[in-house]
Amino acid sequence: MTIIMDGKKLAEKVTGNIKSEIKKYNIRPKLAVIMAGDNPSSKIYVQNKQKKALELGIDSVVLTFPQDVYEDNLLENIYILNEDVNINAILVQLPLPEHINTKRILEAIEPIKDVDGFTSYNFGLLALGYNPYCIPCTPKGILRLFDEYNIELEGKNVLVAGRSNIVGKPMMMLLQNRNATVTLAHSKTKNLKDISINSDIIISAVGKENLITEDMVKQNSIIIDVGINRDINGLKGDVDFKNVINKASYITPVPGGVGPMTIAMLMENTFELYKIQKNYQLL
Ligand code: NDP
């Protein structure tokens, strides 16, 4: 029998705990979000993050900038947020407008406020197998799902499709730190099926509907679908869920799998940064 991994339920458990801790200690962690441009998906994501923060007792502020914002203007605002003792976590909503050097903007964030773990300081610590201030939210959430369902990673062959700095690469590092054997695939990878069919676990973070089909997966494999593809029928992942489910032992749905975990981990990272900055021993 296939187990559908309930990311929504686990996310509610995680955020429920954060909410009670925040209430118990009567504290107000604060998240700042920088959003530039008019990407409609970004607006929805930021609204969802703000809504969740409010629900948990986390303050948030969103600084919005027009599509033609100057890079220096964004940088100046990050420097101000870095200095502001009332701000515990800084998030830059991606993608930024094309003329902006994303690397330069992300690098300006103080590592101790880098809630996404995208600065080279935190990313480098993760790559070295040490503890960064924050681990990127989506791969951290996937790892939490594995743990919740007692899925052992050591010695497993894992295919990660997609090599972005946001999902694929940090996912690969986290899995390697847990002694999995990882193949990181990308758009130039040849014969994806040859790799997928021999994988115990497949994590697809590409953004292509039906990239992973039933014939590509082996019996009893574990399937994690990160992809978000919107069409007239709503939200779909990268995996042909209705057919792949026949072969999987565990599978995440879209929606209700990885997505809610990403937001939950953002809240957790914000709370953890607060504790680090205040030197709080709450738990
Ligand atoms: P990007 O969109 O930045 O990159 C996509 C990656 O997929 C690239 O590495 C690309 O390779 C690779 N790729 C493209 N075609 C193939 C292929 N045929 N086989 C294997 N790899 C391929 O990735 P993101 O990580 O930002 O996003 C990926 C997906 O995950 C999107 O649908 C996004 O919306 C979703 N997402 C979902 C989240 C959630 O919380 N559920 C959070 C973040 C993202 P190359 O490097 O060669 O171009």
Side-chain angles (χ1 to χ4, degrees), residues 4-8 10-12 14-15 33 39-49 51-52 91-96 98 102-103 106 115-118 123 134-146 158-175 182-199 201-213 215-217 223-231 234-241 251-269:
I4 298 177
M5 299 168 87
D6 194 339
K8 193 161 175 271
L10 179 57
E12 275 163 14
V14 170
T15 53
V33 179
N39 184 315
S41 299
S42 290
K43 282 185 188 158
I44 297 170
Y45 294 145
V46 169
Q47 275 168 11
N48 290 343
K49 288 167 187 174
K51 197 171 145 224
K52 184 52 80 182
L91 180 154
V92 175
Q93 185 64 41
L94 300 177
L96 290 169
E98 264 182 27
T102 301
K103 178 173 165 281
L106 294 177
V115 73
D116 269 328
F118 292 161
F123 211 80
C134 282
I135 293 170
C137 301
T138 303
K140 187 184 183 191
I142 294 171
L143 216 56
R144 196 63 64 82
L145 274 167
F146 287 136
V158 187
L159 164 64
V160 177
R163 59 174 162 184
S164 74
N165 292 340
I166 296 165
V167 186
K169 262 186 227 160
M171 189 76 249
M172 171 191 72
M173 298 189 291
L174 285 165
L175 290 164
V182 189
T183 305
L184 188 62
H186 45 77
S187 65
K188 309 289 184 293
T189 298
K190 292 192 177 117
N191 304 325
L192 190 64
K193 185 178 169 182
D194 290 349
I195 307 166
S196 65
I197 200 81
N198 289 309
S199 300
I201 301 176
I202 299 171
I203 301 175
S204 187
V206 172
K208 282 201 176 129
E209 214 178 309
N210 293 328
L211 178 77
I212 307 294
T213 48
D215 58 314
M216 294 171 74
V217 307
I223 312 290
I224 306 291
D225 194 351
V226 185
I228 297 177
N229 306 292
R230 287 174 208 279
D231 67 13
L235 218 61
K236 291 249 180 72
D238 290 347
V239 176
D240 177 15
F241 184 87
I251 189 166
T252 60
V254 177
V258 175
M261 288 306 296
T262 298
I263 296 199
M265 293 301 109
L266 174 66
M267 299 299 126
E268 186 175 274
N269 282 357

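Whatever order the structure lists ligands and atoms in, that order sets their numbers, starting from 1. Because the structure is a prediction, the values reported are computed rather than measured.
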Proximity winner for atom 46 (O) of ligand 1, if only heavy atoms of Met171, Lys236, Arg163 are counted: Arg163
Check ligand 1 against Gly259 and write out every atom of the ligand that is under 4.0 Å from a heavy-atom position of the residue. 40 (O), 41 (N)
Atom 24 (P) of ligand 1 [closest protein heavy-atom partner, distance rounded to 0.1 Å]: Ser164 OG, 3.6 Å
Give me the residue, atom name and distance of the protein heavy atom closest to atom 34 (O) of ligand 1. Ile228 CB, 3.5 Å
Could you tell me the residue and atom name of the protein heavy atom closest to atom 20 (C) of ligand 1, and the distance to it rounded to 0.1 Å? His186 O, 3.3 Å
Applying side-chain hydrogen bond (donor to acceptor under 3.5 Å, both in side chains), can you list everything that pairs with Thr213, at least two apart in sequence or on another chain? Asp215
If we number the atoms of ligand 1 from 1 as shown, the ones under 4.0 Å from a heavy atom of Gly207 are 29 (C), 31 (C), 32 (O)
Identify, by atom number and element, the atoms of ligand 1 in contact range of Thr262, meaning under 4.0 Å from any of its heavy atoms. 39 (C), 40 (O)
Short N or O distance, Val167 and ligand 1, threshold 3.5 Å exclusive: no
Among all protein heavy atoms in this structure, tell me which lies nearest to atom 42 (C) of ligand 1, with the distance rounded to 0.1 Å. Thr138 OG1, 3.3 Å
Would Ser187 count as a polar contact of ligand 1, with the cut-off being nitrogen or oxygen pairs under 3.5 Å? yes
Gly162 heavy atoms, cut-off 4.0 Å: which ligand 1 atoms fall inside? 6 (C), 7 (O), 9 (O), 12 (C), 21 (N)
Starting from atom 35 (C) of ligand 1, locate the nearest protein heavy atom and write down its residue, its atom name and how far away it is, to 0.1 Å. Val226 O, 3.5 Å
Heavy-atom contacts with Gly227 under 4.0 Å: which atoms of ligand 1 show up? List them by number with element. 30 (O), 32 (O)
Would you tell me which option among Met265, Lys169, Lys208 has the nearest heavy-atom contact to atom 15 (N) of ligand 1? Lys208
Distance filter under 4.0 Å to Leu211 heavy atoms, resulting ligand 1 atoms: 18 (N)
